[in-house]
Amino acid sequence: MAVAAVAALTLAACGGGGEKKESKSSGEGGSGSSSAAFSVTVEHKYGSTTIDKEPKRVVTLGLSDQDAVLALGVKPVGAVDWFKEQPYGKWPWTKDKWGSAKPQIVGERDEYNIEKIAALKPDLVIAQYSGMKKEQYDTLSKFTKVVAQPKGLPDYGASWQVMTRQIGKSLGKDAETEKLIAGIDARFKAARDKNPQFAQKTLAVADSFEAGKYSAFTKTDPKSIFFSELGFKLKPEIDTLAKPGWNVAELSAEKLNVLDVDRVVWVTSSTDANNRIKAEPLYKNLKVHQEKRDLFVPYQDPDIGAAFSFNTVLSIPYAIDEIEPLLTAIK
């Protein structure tokens with residue numbers, strides 16, 4: 001991890017991960033974006049972090065954290081890769097927010113390049129939708145403030161509301177954050193009110209990346225959370241099949257009957273994957289398939305699956321607009 005490079009770039013914010021001071025309300029000072037909002041103390045998985053002044057150079061290490069940061073008017077100088085795509089300019093819900101800015105890619109998923117992060121001289125690192133380890137947190141805390149994943153929740157298991165509030169508080173923008181969340185809540189409510197039939201249906205989200213291996217997402221996965229907030233019921237049995245701490249249940253073909261619900265949304269990467277799933281003999285026996293109540297949605301091109309996989313304050317409106325007509329077309 002190039003300890004020498006990290007030491008050379010140690011900032012005045014040294015020790016940010018372990019400080020504990022009484023925080024002032026980050027709603028002070030009008031919009032909550034001025035220096036009057038600070039200092040703030042944010043609790044997280046590895047303790048608490050006190051941020052004394054408004055962050056100017058932010059690095060996001062959660063897979064989707066950049067969306068909430070962008071929504072609050074801050075362009076991260078560094079971000080991680082998720083879909084092996086540049087996280088700027090690609091997604092339709094963030095393109096305008098990034099503009100001509102291009103963050104440095106500082107890792108892939110939970111493998112962070114500490115040297116690249118240090119070289120950016122961040123005054124804040126945010127890792128909400130992440131699996132950051134304590135060792136990584138400790139190393140980063142030597143030269144910058146770090147807000148790790150939410151306290152008391154499994155990695156990748158916090159709701160978009162919780163993560164957005166953590167990010168908003170870290171940026172001193174509580175008031176703006178609550179407005180964002182209220183707006184998204186209103187979008188979900190409008191969709192539920194328009195489609196009351198969703199509440200009578202049980203839905204499962206699944207995928208398959210190779211022959212004979214399938215996955216169904218638990219209630220803590222962003223994809224399942226998205227459809228739950230649209231009004232659908234989820235199937236508790238999927239949660240019982242997942243390993244402890246996982247938000248996905250791995251299924252063999254013999255276990256595909258757990259997907260025989262009112263609606264199955266397959267999030268897939270290609271037409272070949274769709275055809276392979278449809279050709280599986282044990283899947284062909286399910287009523288949800290025979291009655292054409294299954295829906296095959298691409299992750300990308302169009303970016304529908306990516307939108308509800310991110311499930312952020314920026315991607316949710318796009319996801320609702322794209323998926324609602326597809327769901328209502330199923331009889």
Side-chain angles (χ1 to χ4, degrees), residues 63-64 82 129 131 149-150 152-163 188 191-192 195 197-269 273-274 276-299 304-312 315-316 319-320 323-324 326-327 330:
L63 299 180
S64 58
W82 184 2
Y129 191 57
Q149 50 267 55
L153 294 167
D155 293 348
Y156 302 104
S159 67
W160 64 268
Q161 293 96 329
V162 168
M163 292 187 288
F188 275 122
R192 292 193 301 269
N195 301 283
Q197 72 276 16
F198 289 174
Q200 307 303 316
K201 308 296 183 183
T202 299
L203 180 145
V205 189
D207 72 6
S208 175
F209 290 105
E210 59 180 288
K213 293 185 178 181
Y214 307 90
S215 300
F217 296 95
T218 69
K219 65 182 180 181
T220 61
D221 185 86
K223 293 176 280 296
S224 295
I225 291 172
F226 172 81
F227 287 102
S228 176
E229 293 199 73
L230 277 181
F232 289 97
K233 296 180 289 185
L234 302 177
K235 192 169 184 178
E237 186 181 349
I238 291 173
D239 298 329
T240 66
L241 293 173
K243 296 177 182 178
W246 286 42
N247 58 9
V248 60
E250 297 176 332
L251 307 175
S252 62
E254 289 73 20
K255 288 284 188 179
L256 284 174
N257 61 316
V258 75
L259 300 180
D260 209 0
V261 291
D262 297 311
R263 301 285 185 272
V264 175
V265 177
W266 289 94
V267 193
T268 57
S269 57
N274 296 349
R276 174 169 46 77
I277 294 166
K278 294 174 182 178
E280 167 58 53
L282 293 176
Y283 182 69
K284 292 168 70 174
N285 290 335
L286 302 185
K287 287 185 178 181
V288 69
H289 176 64
Q290 294 173 351
E291 296 175 6
K292 298 182 179 179
R293 291 183 277 107
D294 48 1
L295 181 63
F296 290 80
V297 179
Y299 272 108
I304 304 171
F308 60 71
S309 294
F310 270 67
N311 201 37
T312 65
S315 74
I316 287 170
I320 291 175
I323 199 69
E324 185 180 3
L326 301 179
L327 290 168
I330 301 174

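Between A249 and I238, the shortest heavy-atom distance links the atoms CB-O, 3.6 Å. Closest of all the heavy-atom pairs between K284 and A279 is CD-O, 3.7 Å. Residue S208 comes nearest to R276 through the heavy atom pair OG-NH1, 2.8 Å, listed as atom of the first residue, atom of the second, then distance. For the pair G305 and V297, the tightest heavy-atom approach, listed with the atom from each and the gap, is N-CG1, 3.8 Å. G131 and D155 make their closest contact through CA-OD2, 3.6 Å (heavy atoms, listed as atom of the first residue, atom of the second, distance). Here the closest non-hydrogen pair linking A307 and A319 is CB-CB, 3.7 Å.
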Step by step, work out the side-chain contact (heavy atoms from CB on, under 4.5 Å) result for D207 and Y214.
CA-CA 6 Å; D207 72 6; Y214 307 90; over 6 Å; no
Test log, rule side-chain contact (heavy atoms from CB on, under 4.5 Å), inputs I225 and F308
CA-CA 9 Å; I225 291 172; F308 60 71; over 6 Å; no
Show, in sequence, the C-alpha distance, side-chain angles and deciding distance for R263 and L295, and conclude whether the side-chain contact (heavy atoms from CB on, under 4.5 Å) test is met.
CA-CA 8 Å; R263 301 285 185 272; L295 181 63; over 6 Å; no
side-chain contact (heavy atoms from CB on, under 4.5 Å) for K235 and V258? Distances and angles first, verdict last.
CA-CA 8 Å; K235 192 169 184 178; V258 75; 4.2 Å; yes
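Rounded to the nearest 0.5 Å, atoms CG (L230) and CG (L327) are 7.0 Å apart. Put simply, CZ on F232 and CZ on F227 are 7.5 Å apart, with the number rounded to the nearest 0.5 Å. Rounding to the nearest 0.5 Å gives a distance of 10.5 Å between CG of N257 and CG of N285. Note: D239 CG to L234 CG = 7.5 Å, rounded to the nearest 0.5 Å. Between atom CG of residue L203 and atom CZ of residue F226 there is a gap of 10.0 Å, rounded to the nearest 0.5 Å. R192 CZ to I320 CD1: the interatomic distance, rounded to the nearest 0.5 Å, is 9.0 Å.
L282 has its side chain within reach of E254: a pair of non-hydrogen atoms, C-beta onward, lies under 4.5 Å apart. The side-chain heavy atoms of E229 and W160, taken from C-beta on, include a pair separated by under 4.5 Å. Considering only heavy atoms from C-beta on, V248 stays 4.5 Å or farther from T218 through its side chain. Contact annotation: the side chain of P150 approaches that of M163 to within less than 4.5 Å [non-hydrogen atoms, C-beta and beyond].
At distances below 3.5 Å, not a single donor-acceptor pair connects side-chain atoms of N247 with backbone N or O atoms of D221. No donor-acceptor pair closer than 3.5 Å links the side chain of S228 to the backbone N or O of S224.
Counting heavy-atom neighbours within 6.0 Å of K219 NZ, excluding the residue itself, gives a total of 12 or less.
Taking the ring axis of F296 as reference, the NZ or CZ atom of K278 stays within 45° of it and closer than 6.0 Å to the ring centre.
Just one of E291, Q290, H289 meets the side-chain hydrogen bond (donor to acceptor under 3.5 Å, both in side chains) condition when paired with R293; it is E291.
With ring centers used as reference points, F310 lies 6.0 Å or more from Y129. Checked against the 6.0 Å centroid criterion, the rings of Y283 and W266 qualify as a close aromatic pair. When ring centroids are compared, Y299 and W82 stay outside the 6.0 Å threshold.
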